[in-house]
Every structure is written in structure tokens, then in C-alpha cells.
Amino acid sequence: MSLLLADILAVGLCLFFLHYAWRKRGRANYLPPGPPGAPLLGNLLQIPANGVARALRDLSKGYGDVVTLRLPSSTLLVLNSRQAISDLLVGRSAVYSDRSQLVMSGELVGFKDSILRQNNTPRFRKCRKLLRRGLGAGPARSFAPFLNRQSAFLLENLCRRPADFVEIVKRNAAAVSMKIAYGYPSVDEELLDMMLRTSEYFLETTTLGTWLVDLLPFLRHLPEWFPLAHFQRYAARARPIVQECIDKPFEAVKQHMETATASASFSAMLLEEANGDPETEYCIKQSSSGILLGQTDTTTAAMSWFFLAMALYPEVQAKAQAEIDTVIGNDRLPRIEDRKDLPYIQAIMQEVFRWHPIVLVVPHVASEDDIYRGYVIPAGTTAVANIWAVLHDESVYHDADKFIPERFSEEGAPDSIDIAFGFGRRVCPGKLVAQAHIFVSITATLATLNIARAQNADGHVIELDLEDGSGPINFPKSYEISLGPRSEAAAELIRRSAEHSRTLPDDLDVFSLEE
Ligand code: HEM
């Protein structure tokens, strides 16, 4: 008996020393350093609800540009420099292109197969190929007549209801996404309502750390009636709406195609080539809904920051208007084709994307073990690209919190667009469309309207809050501005252009697919 006990003890001791030695060896270069965390919770409490990007950037002061944070259900590798992001998310894109599989957003609310949440699987790559064909350089150019026409309606609505400028911009973006994805000639109210709710569900369920079930995935098995299962009741409300928003407009296009009345659109043109192949059709459906969800909020947020910048920096606005007056004159609205002749407006757009980036941080998950700068990065680690930190690096962009387009037009600062739209295999597929749309919208606005700070009833200028938002899309806090035509001639130009635009055919003049 005592012999057996001694054997067990000896084997136990050997195993203990082997385990200790293995851990010591592994730890020598296992993940880059980061701040110590609390038992069980790790660094969870060190990630603030507001100002996340700034807080993550500040970690670099103690730990360098690549910092490890541990959460109960995942490990984050925070990338705070252009170099680290480029090395991993661009240079090793084949490894760093998965998404965090959030139980709440994916499984419970129904975004699991959405292009925005899919892992880097063959299906994902097929979807991305379709998106390239439908939103690449050729197709983006083919949208120009439609986007130019939309800008006249945007201005008309801004003149009529200036106080509702955010809602007007949002409807304008929704009209563009519905047209491109499904061929709707104008905003479909039912789809708009579904889309806004779906988008809200997406934004509310996509931030890591918001839902207990993402930190403790076994909770997914709790029944809806259980007192702690608030998340199940939320998911039960959201799921059917999300599903309908993905299915309904796509099925409508299919039906129209059977009766040969479908307008040209991303889904119609690709469906024609799909020859009824169910996997291709599924990818077209998910990609089309990705366009709907990817476009509206981002464009609205960018335009909202643009209005804020123009209200705060009247000298920038005046310089931009002078450029437009000189290059285009006052007899017509600007068009996308004018972009190459308007370097200062181009710089304003770059500065909008830099000043308050629309997506502050972007997560890409490693699908296999990797070694970087001598550290082991295990599969499943979430590399978090801190877009805000790169675009607010004072050694590259001086006075980074100020809106200074001259840094691009005169000082040769590195382009913000390379960073603001994401990286590698996951780079925003709507990057070119977004730039064309936002460019024509801001140019048309500057050509015809004046934007200024609003005053309250006592005649005092209302303060503007410049704090970044806290969700996955960075919206400014709600604010008031004063908005109106630059002159009677500008008001007349808007009326005339909107009138003329109404006489143009509803179909896009051209809608091409990239070969
Ligand atoms: C201001 C405009 C926009 C900005 C700043 C923006 C930015 C981004 C960023 C940062 C990502 C994540 C990239 C990554 O993970 O590395 C993304 C993804 C995406 N964007 Fe955009 N975007 C904009 C407009 C658009 C538009 C107009 C569309 C569609 C026409 C679109 C469709 C998408 C889709 C489908 C994804 C998901 C791609 C994936 O997960 O593989 N976006 N966008």
C-alpha cells in the first residue's frame, strides 16, 4: 500500500515539474505584455464603456504598440500602430480574418451568416467575390448618375426641413443602399423601418462585453422565462425582424425576376448569373443585406461629423466654397466626376474620416497560431486594430483633435482612407461607393448651403459636443446647427436641379458588374 502511495507521489511530482517547465518555456514569449488583470474577470473592468479607443491607445505608453488584454471569454491583442496593423491584418490577412463569434449577435439574434459576422470560410470568400463584382471600381463608376441625381433630392430636403438634417441624410443613404442592393426606385418605408431596427439590433449586440451570454456562453441554454434571461427575451423579439430584413427584399427581387420586371441591382444582376444554384443565391442574399446594413449608418455618421466640422470651422467652409465657385461656378450642382478638380474638398473628406473615424476599432480574429515579434499569438486571439489611435498619432497628424484639411492638401500627411475602411480580406467592400456618395453629398452641400452654429432663444451660440460615440459605429451626440441656402440663386439652383432630377428615369443609367 505504502509502495503504491510512493509511486503515485513520484509520478505526481514528475508531472508537476514537467508541467511547470512547460509553462515556463511557453511563457517566455507567450503573447505580448499587457496590464495585469483581476482573477476571473481579467482586464474586463479596465475597458471603459466610453472612450474605448483612447483608453486602448493609452495602454501603449506602458506596453508598446501591441498590448495583450485578457477577458473571461477571449484574449485581445490591441494593435495601436499603422505598422502592427499592416504587418498582421494586411500582411497576414489569410490568418487574421475571422470574426469573434458572439453568441448573442450570431446565434441568438440571427446574424450568424451575415457577411459582417462570418468567419473566413469558403462561403465568406464567395460572398466577398460577389461584393467585389458588384461594388468594385467599374460598378462604383456606374452608380455616378444615380448618386448625382440623389444629391439634388438631398439638398431639396435639407432646405425644406433643416432641423431634421440627420434624418434626411439617413433617408438619403437608405435610398442609395436599397437601390444598389435591390433596385428600389426610392425609399421603401416598410423596408426602411425593418432595416433601422435590424441595424439597431446589430449595433446593440456586436459590442463585446455588453451581453453576459457572450462572456458566459453556457447561459445560452437558459429558457426565456428565467429571471436572468433578459437576453433571451430581447433575442426572441429581434430574431424575426432580422430574418425578415434579410429575406424579404431578396425574395421580392426573385419574384420580380420571374415576371421580368426587376430593376438593375446587385442582387438582380448576380441572380441572373447564379442559374438557381442555392449556395450562390444564399451568398447573394447575405451580401445584399450586408450592403443595406453596411451603408446606411456609416454614411449617416460620416455626414453628421461633416456638418459638425463645417459649423465649427467656418474658415474651412469658406475656402471649400471658394474652390467650388472657381472650378464649377454656380450654374450647376457638382458631380462625382468633378472630384479630381477639387483637391480641397477631397482633403475635407479625408479629414472627416480621420477626425472622428466612423469605425473606431476593428476586430479580426486569428484562425491559427502565429508568431509575431517573437511572441506566440494563439488561434482565437482577437486582434483589435485601433483605427482611432493610428489616425490620431500626433507624430503623423499634428493637432490631431483639430479639423485641418490642409494636412492632406498641402502637407502630404498619409491618407486616412487606407485606415478608416479596414484591412486585408475584410476591408470595407463599399469603400469606393461610400467615397463617391459622400464626396458628391458634401460638395453639393457646400456649393449651395451655409452651415453655422445654432443659437438658442437668448441668442447664445449652442455648444457642440465632440465626444466620440461608444458603439461599433461612431455617431456624434445629437446636436443643432443652422442650415440654409447660400443665396437666392443657390435656392433656385436646388429647386431647378431637383425638378430636373425628377424627370430622369428611375433606373440607374448603367449598372455594371466587374469582370
Ligand atoms: C463612411 C462610410 C464607410 C466606412 C467608414 C466603412 C468602414 C468599414 C469598416 C472599418 C469595416 C470593417 C473592415 C474590417 O473589418 O477590416 C467595414 C465593413 C463592411 N462595410 Fe463598410 N464602411 C462604409 C461604408 C460602406 C458602404 C457604403 C457599404 C456598402 C455599399 C459598406 C459595406 C460593408 C460591408 C458589407 C462590410 C463587412 C465586410 C466584412 O466583414 O468582410 N460599407 N466598413
Side-chain angles (χ1 to χ4, degrees), residues 53 79 85-86 88-90 93 96-100 105 111 113-121 123-132 134-136 139-140 143 147 169-170 172-182 195 199 202 206 246 265-267 283-284 286-306 349-350 352-365 382-388 390-391 416-439 441-442 472-475:
L79 310 177
I85 292 173
S86 165
L88 297 186
L89 305 198
V90 182
S93 182
Y96 292 90
S97 285
D98 277 357
R99 291 284 193 222
S100 343
S105 176
F111 288 110
D113 287 346
S114 159
I115 176 81
L116 299 130
R117 295 242 50 86
Q118 278 179 44
N119 275 341
N120 180 15
T121 58
R123 171 178 277 179
F124 165 77
R125 291 193 286 277
K126 189 177 175 100
C127 291
R128 290 290 314 210
K129 207 167 158 190
L130 296 174
L131 284 163
R132 242 190 333 276
L135 303 174
F143 301 143
L147 295 175
V169 162
K170 188 176 272 188
N172 169 267
V176 171
S177 65
M178 285 181 196
K179 176 72 186 174
I180 292 178
Y182 306 108
M195 185 195 79
S199 177
F202 184 79
T206 307
I246 296 171
S265 67
F266 175 85
S267 43
C283 287
I284 299 171
Q286 292 298 344
S287 306
S288 309
S289 113
I291 294 175
L292 202 64
L293 288 180
Q295 177 146 30
T296 309
D297 281 332
T298 48
T299 307
T300 308
M303 289 299 293
S304 302
W305 285 112
F306 160 75
M349 183 167 76
Q350 286 169 290
V352 167
F353 292 139
R354 187 207 65 80
W355 188 47
H356 287 275
I358 308 311
V359 180
L360 297 168
V361 291
V362 155
H364 287 205
V365 173
T382 304
V384 179
N386 193 342
I387 289 180
W388 179 88
V390 174
L391 296 177
S416 58
I417 291 172
D418 289 349
I419 301 290
F421 285 86
F423 314 96
R425 291 187 184 190
R426 301 235 58 139
V427 69
C428 173
K431 187 173 173 175
L432 298 177
V433 177
Q435 286 174 62
H437 184 200
I438 291 169
F439 180 83
S441 302
I442 67 178
I473 305 280
N474 178 18
F475 292 102

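Remember, it's 1-based here, ligands and their atoms both numbered in the order they're listed. Residues: numbered from 1 along the sequence shown.
In summary, the atoms of ligand 1 found under 4.0 Å from a heavy atom of I358, numbered by their order in the structure, are 5 (C). Taking every heavy atom of F124 and a limit of under 4.0 angstrom, the matching atoms of ligand 1 come to 41 (O). When each atom of ligand 1 is checked for a heavy atom of R99 under 4.0 Å away, the hits are 14 (C), 15 (O), 39 (C), 40 (O). The atoms of ligand 1 that sit less than 4.0 Å from any heavy atom of V362 are 10 (C), 14 (C), 15 (O), 16 (O). In summary, the atoms of ligand 1 found under 4.0 Å from a heavy atom of F353, numbered by their order in the structure, are 1 (C). Near I115, meaning under 4.0 Å from one of its heavy atoms, ligand 1 places the atoms 39 (C), 40 (O). Short contacts between ligand 1 and G290, defined as distances under 4.0 Å to a heavy atom of the residue, involve ligand atoms 35 (C). Near I291, meaning under 4.0 Å from any of its heavy atoms, are these atoms of ligand 1: 30 (C).
Formation of a donor-acceptor pair under 3.5 Å by the R354 side chain with backbone atoms of M349 is not found in this model. For the pair S177 (side chain) and I291 (backbone), a donor-acceptor distance under 3.5 Å is absent. Judged by distance alone, the side chain of R123 and the main-chain N or O of C283 form no donor-acceptor pair under 3.5 Å. The backbone N or O of L293 sits nowhere less than 3.5 Å from a side-chain atom of S199 that would complete a donor-acceptor pair. Side-chain atoms of T298 come within 3.5 Å of backbone N or O of Q295 as a donor-acceptor pair. A distance-only check finds no donor-acceptor pair linking the side chain of N119 to the backbone of D98 [under 3.5 Å]. Put simply, the side chain of R99 gets close to the backbone of P363: a donor and an acceptor are under 3.5 Å apart.
Residues H364 and L88 fail the side-chain proximity criterion, which asks for heavy atoms closer than 4.5 Å. The side-chain heavy atoms of T382 and V365, taken from C-beta on, include a pair separated by under 4.5 Å.
Evaluation of the side-chain hydrogen bond (donor to acceptor under 3.5 Å, both in side chains) rule for K431 yields no partner, not counting sequence neighbours. Residues that satisfy the ring pair (Phe, Tyr, Trp, His ring centres under 6.0 Å) test with H356, not counting sequence neighbours, are W305. For the side chain to side chain contact (heavy atoms under 4.5 Å, CB included) test, residues two or more places apart in sequence or in another chain that qualify with V390 are R82, I85, I419.
Atom-to-atom distance recorded for Q118:CD and K126:NZ is 12.0 Å, nearest 0.5 angstrom.
Residue-ligand proximity: H364 is placed with a non-hydrogen atom under 4.0 Å from ligand 1.
Residue-level proximity to ligand 1 for R425 is absent, since no heavy atom of it falls below 4.0 angstrom. At a 4.0 Å heavy-atom cut-off, ligand 1 touches R128 through the side chain alone.
For atom 37 (C) of ligand 1, the closest non-hydrogen atom on the protein side is L116 CD2, 3.6 Å. At the top of the distance list for atom 10 (C) of ligand 1, counting protein heavy atoms only, stands A420 O, 3.5 Å. Remark: minimum distance from atom 13 (C) of ligand 1 to any protein heavy atom is reached at R426 O, 3.1 Å. The nearest heavy-atom contact from the protein to atom 1 (C) of ligand 1 is I438 CD1, 3.5 Å.
Shown are the protein N/O/S atoms under 2.8 Å from atom 21 (Fe) of ligand 1, given by residue and atom: C428 SG.
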